[in-house]
Protein chains: 2
Amino acid sequence: MPQVGEEKADTRQRLLDAAVEVLREEGITGATARRIAARAGVNQALVFYHFGSVANLLLQSFLRTSDGQIARYRAAAEGVDSLHDLVGIARRLHDEDLESGAVTAVTQVMAAAREPELSEQILERFDQWIGIVEEALRRATADSPLAAAMLVREAAYAISSMFLGIEIVTRLDPERSEAPRLFDMMSNLATMAEQLAPMLPPGTSDAHRG
Amino acid sequence: MPQVGEEKADTRQRLLDAAVEVLREEGITGATARRIAARAGVNQALVFYHFGSVANLLLQSFLRTSDGQIARYRAAAEGVDSLHDLVGIARRLHDEDLESGAVTAVTQVMAAAREPELSEQILERFDQWIGIVEEALRRATADSPLAAAMLVREAAYAISSMFLGIEIVTRLDPERSEAPRLFDMMSNLATMAEQLAPMLPPGTSDAHRG
DNA sequence: GTCTATACTTGGATAGAC
DNA sequence: GTCTATCCAAGTATAGAC
């Protein structure tokens, strides 16, 4: 256990941070024990002392980062109670993620995952992510006839996958991203859907409720 | 130039094929000159003779595979003239891609891409992909009021990104994919949208036409 | 155009001193 | 818990015989 009030984060922590930075800047193919250790300013052997293997360091790094992201998403999603809110918050989270690079680190591990155990862990996190979107979507469409037509779980799955895809494409050249225009469009669609709702057949909006 | 009627594909071709297979089965981190050559049944030095470097072999492999995919998508998209068609064709292409593993190879190169030149080439292909979806979407919604609300380019971008994300997630555990249910839902949504169209304010369906 | 052999580099991982 | 030193495996790439 590290001392209280220490100036220097303990090595374990530094390695986890360094792993995220290396994943972000050099990708999965550049995430080696030597590079990560150099980035953390510690000896290469400590990767193996603390984590046993590079693969495990990357796994732990993934878990820590994605759990952080999930907590942020969960907190942000609590404020959603309209489609318009949902789009606005999604836009904000996307911008923040791009800035911090956290999602890049996550997608690098994700794309390269081969071992079933790692895949399992990743899917578990993706599932939580979908759950958050699902919950937000459910609240956002509670008063809309859309709720009856849409299977909310599937829609949340679609949205989550879309974000993942956008992240990967955006990283190839952030300057040329079309994501901002997509958010503008979704914002307009949300507004229209909300204005149109009263024009549609009533009663259907309760179809999904227990 | 290879002889006509040859039994054995020329080495260059075999290496390109082998690269796709290795990318599919072992991912980007397993795509080494030695493994690809072994898979092709040729000597490792031939990777460098024919392609100069592993990175270039992977690039050529990516270009060949993604161009093939694009041709398939383009051909399939020609048959679309309703949202329902679009969903059905998307489902079929998704199933085929999963079976052949071609998209997996593409996403592996994509996720690991670092050099600007490679990113450039990848984005160019992604752009073509978006273009095909855009064109299909435009035809599918030509008679629908949806066309007025939706910026077709942005919607196509969203759909393409979604497919990319789904591919990456599905590969983690194909058994547990939620994609089939998503297609079912989209199919229902398409049907509803088509039934609902006449109920909405008329005239708007022509708003996007020159 | 293909093979063998080899040079060189990098990376994962461990042993042992401190 | 950290470092030095080291081993071994695997990778890229090239030279040169065939």
Side-chain angles (χ1 to χ4, degrees), chain A residues 1-62 105 108-109 112-115 117-118, chain B residues 1-23 25-62 108-109 112-115 117-118:
Chain A
M1 283 294 189
Q3 304 287 313
V4 279
E6 58 188 344
E7 280 296 316
K8 169 182 167 240
D10 73 309
T11 299
R12 205 188 143 82
Q13 202 59 40
R14 293 176 64 137
L15 283 170
L16 286 167
D17 292 340
V20 173
E21 288 167 27
V22 171
L23 279 170
R24 194 174 61 214
E25 290 165 26
E26 318 210 43
I28 187 74
T29 55
T32 68
R34 286 177 150 89
R35 264 195 251 216
I36 294 168
R39 182 89 200 201
V42 302
N43 192 276
Q44 169 260 151
L46 293 175
V47 166
F48 304 97
Y49 174 79
H50 286 288
F51 297 95
S53 69
V54 173
N56 187 47
L57 167 55
L58 294 180
L59 167 61
Q60 299 307 323
S61 204
F62 167 83
Q108 287 297 301
V109 175
R114 292 273 127 196
E115 286 107 53
E117 205 249 336
L118 176 54
Chain B
M1 284 294 191
Q3 304 288 313
V4 280
E6 59 188 340
E7 281 294 315
K8 168 182 166 243
D10 74 310
T11 299
R12 204 187 143 83
Q13 203 58 42
R14 294 176 65 136
L15 283 171
L16 286 168
D17 292 340
V20 173
E21 289 167 26
V22 171
L23 279 170
E25 291 165 26
E26 318 211 41
I28 187 74
T29 56
T32 67
R34 284 177 151 90
R35 266 195 252 217
I36 294 169
R39 181 87 199 203
V42 302
N43 191 276
Q44 167 262 151
L46 293 175
V47 166
F48 305 96
Y49 175 79
H50 286 288
F51 297 94
S53 68
V54 174
N56 187 47
L57 167 53
L58 294 180
L59 167 61
Q60 299 307 323
S61 204
F62 167 84
Q108 288 296 302
V109 175
R114 294 271 127 196
E115 285 107 53
E117 205 249 335
L118 176 53

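Order of the sequence lines fixes the chain letters, A, B, ..., with proteins taken first and strands second; residue numbering starts at 1 for each chain. Values below: all heavy atoms of this structure, side chains included; hydrogens, waters and symmetry mates excluded.
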Roughly how many Å is it from [atom1] in [X] to [atom2] in [N], rounded to a whole number?
X     : N      : atom1 : atom2 : value
B/R14 : C/dG1  : CZ    : P     : 15 Å
B/F48 : C/dA5  : CZ    : P     : 18 Å
A/L57 : C/dG11 : CG    : C1'   : 14 Å
A/H50 : C/dA13 : NE2   : P     : 16 Å
B/Q44 : C/dG1  : CD    : C1'   : 15 Å
A/L15 : D/dC3  : CG    : P     : 10 Å
B/F51 : C/dT2  : CZ    : P     : 11 Å
B/Q13 : C/dT2  : CD    : P     : 13 Å

The side chain of [X] lies closest to which of these nucleotides: [options]?
X     : options               : result
A/A33 : D/dC3, D/dT2, C/dG12  : C/dG12
A/N43 : D/dC3, C/dA13, D/dA13 : D/dC3
A/R34 : C/dA13, D/dT2, C/dT2  : C/dA13
A/L46 : D/dG11, D/dA13, D/dC3 : D/dC3

### Option from A/I28, A/L58, A/D17, A/I36 for which side chain to side chain contact (heavy atoms under 4.5 Å, CB included) with A/V22 holds
A/I36

### Message
Restricting to non-hydrogen atoms, name the atom on A/V54 and the atom on A/A33 that form the minimum distance, rounded to 0.1 Å.
### Response
CG2-CB, 3.5 Å

Can you find a side chain N or O atom of [X] that sits less than 4.0 Å from OP1 or OP2 on [N]?
X     : N      : answer
B/T32 : D/dA10 : no
A/R35 : C/dG11 : yes
B/R12 : C/dG1  : no

#### Entry: Note: A/R114-B/E26 ion pair, threshold 4.0 Å (strictly below)
no

### 5'-most by nearest nucleotide on DNA chain D - A/Y49 or A/A45
A/Y49

### Message
Has B/R14 got a side-chain atom pairing as donor or acceptor with B/A40's backbone, closer than 3.5 angstrom?
### Response
yes

### Message
Looking at B/L16, is its backbone amide N or carbonyl O close enough to the side chain of B/S61 to form a donor-acceptor pair, meaning the two atoms are under 3.5 Å apart?
### Response
yes

